[in-house]
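Read through the structure below, which is laid out as structure tokens, and then see the notes.
In what follows, chains carry the letters A, B, and so on, assigned in the order in which the sequence lines appear, proteins first and then strands, with residues in each chain numbered from 1. This one's a predicted model, so the numbers in the text were calculated from it and none came from an experiment.
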Amino acid sequence: GAGVSQSPSNKVTEKGKDVELRCDPISGHTALYWYRQSLGQGLEFLIYFQGNSAPDKSGLPSDRFSAERTGGSVSTLTIQRTQQEDSAVYLCASSLTGMRVNTGELFFGEGSRLTVL
Amino acid sequence: GESVGLHLPTLSVQEGDNSIINCAYSNSASDYFIWYKQESGKGPQFIIDIRSNMDKRQGQRVTVLLNKTVKHLSLQIAATQPGDSAVYFCAENIVWGNTPLVFGKGTRLSVIA
């Protein structure tokens, strides 16, 4: 595809349920990022994948959050036992280079809007 | 789609006028800065970047100014158009720092036709 693809675009769930959000980065991009955007806030870094290296999980807000990236391509962000404060837009981005040479742009998907009732 | 950032600072500009969006960054060690534009219901899009060895960089209708002394970044948009209406974020980072981009909270630009 031409850009970063995310699914679902909208997800409404009940408190306590698990959710999975998917990101399909641009082909050939080795770096993949997850950010969270709450209403009225900037983008909050969650997790970063670079090639086959261990992911940088320093931004994950709690152990209910996890992510994996299979085959160096598609990534899934999982939120277990969702809480109302998890409601936000979850944005995925990819880039050609990773954080070690952190120039150049991140290409963002359109996000997955999560609403926890 | 639904807008993000309903409580963001807002700048209203008449169509055709120039816009100036300001950003104060936090880390004096940051040496790379980017401006992103986010339209309603979409992900942020890269506009322009600047390294700390420069104090000004120009693109098409946009100029970024960097003042490292006061840790201030601005984005100037010439001849603002309705299509410029969006939320604008600055982001900072350290090249070779192995840290993710840190984004500011954003400013909403509304263009009055």
Side-chain angles (χ1 to χ4, degrees), chain A residues 2-6 9-10 12 23-26 31-51 53-60 87-115, chain B residues 1-10 21 23-27 29-54 57 59 62 64 73 86-108:
Chain A
V4 177
S5 177
Q6 291 188 247
S9 54
N10 278 285
V12 180
C23 173
D24 200 340
I26 293 173
L32 186 148
Y33 310 76
W34 283 98
Y35 281 83
R36 177 169 71 174
Q37 187 173 32
S38 302
L39 198 63
Q41 302 297 317
L43 280 72
E44 174 191 5
F45 168 75
L46 297 177
I47 189 169
Y48 159 71
F49 296 89
Q50 173 62 53
S53 301
D56 177 349
K57 305 179 182 179
S58 60
L60 294 178
S87 296
V89 176
Y90 289 81
L91 289 160
C92 176
S94 68
S95 68
L96 274 172
T97 60
M99 296 198 296
R100 289 194 182 276
V101 188
N102 207 343
T103 59
E105 56 189 292
L106 300 185
F107 293 83
F108 282 87
E110 296 199 341
S112 293
R113 179 175 296 280
L114 174 65
T115 303
Chain B
E2 184 178 338
S3 297
V4 297
L6 295 180
H7 305 294
L8 294 172
T10 298
I21 301 171
C23 175
Y25 64 92
S26 57
N27 188 349
S30 293
D31 56 6
Y32 179 61
F33 306 89
I34 309 180
W35 279 99
Y36 280 86
K37 171 186 180 183
Q38 186 176 27
E39 296 178 56
S40 182
K42 297 187 177 181
Q45 283 186 295
F46 173 95
I47 302 174
I48 190 168
D49 60 359
I50 188 169
R51 291 218 191 195
S52 60
N53 60 350
M54 303 172 68
R57 191 168 187 216
V62 294
V64 55
L73 199 64
V87 176
Y88 290 82
F89 294 96
C90 65
E92 60 180 298
N93 203 354
I94 303 171
V95 179
W96 300 103
N98 202 30
T99 55
L101 280 177
V102 175
F103 285 82
K105 291 195 182 300
T107 298
R108 177 180 303 283

Would you check, one step at a time, whether the test ring pair (Phe, Tyr, Trp, His ring centres under 6.0 Å) holds for B:F103 with A:Y35? CA-CA 10 Å; B:F103 285 82; A:Y35 281 83; 5.3 Å; yes
Apply the test side chain to side chain contact (heavy atoms under 4.5 Å, CB included) to residues A:F108 and B:Y36: give CA-CA distance (whole Å), side-chain angles for both, the deciding distance (0.1 Å), then the verdict. CA-CA 10 Å; A:F108 282 87; B:Y36 280 86; 3.8 Å; yes
Would you please test A:L91 and B:Q38 for side chain to side chain contact (heavy atoms under 4.5 Å, CB included) and show each step? CA-CA 12 Å; A:L91 289 160; B:Q38 186 176 27; 4.2 Å; yes
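When every heavy atom of B:F89 is checked against every heavy atom of A:G42, the shortest pair comes out as CE2-CA, 3.8 Å.
In this structure, B:I34 CD1 and A:L106 CG are separated by 6.0 Å, a value rounded to the nearest 0.5 Å.
Comparing B:G106, B:P44, B:G104, B:A91 by heavy-atom pairs within less than 4.5 Å of chain A, the highest count is held by B:P44.
More than 12 heavy atoms of other residues, nucleotides or ligands sit less than 6.0 Å from atom CD of A:E44.
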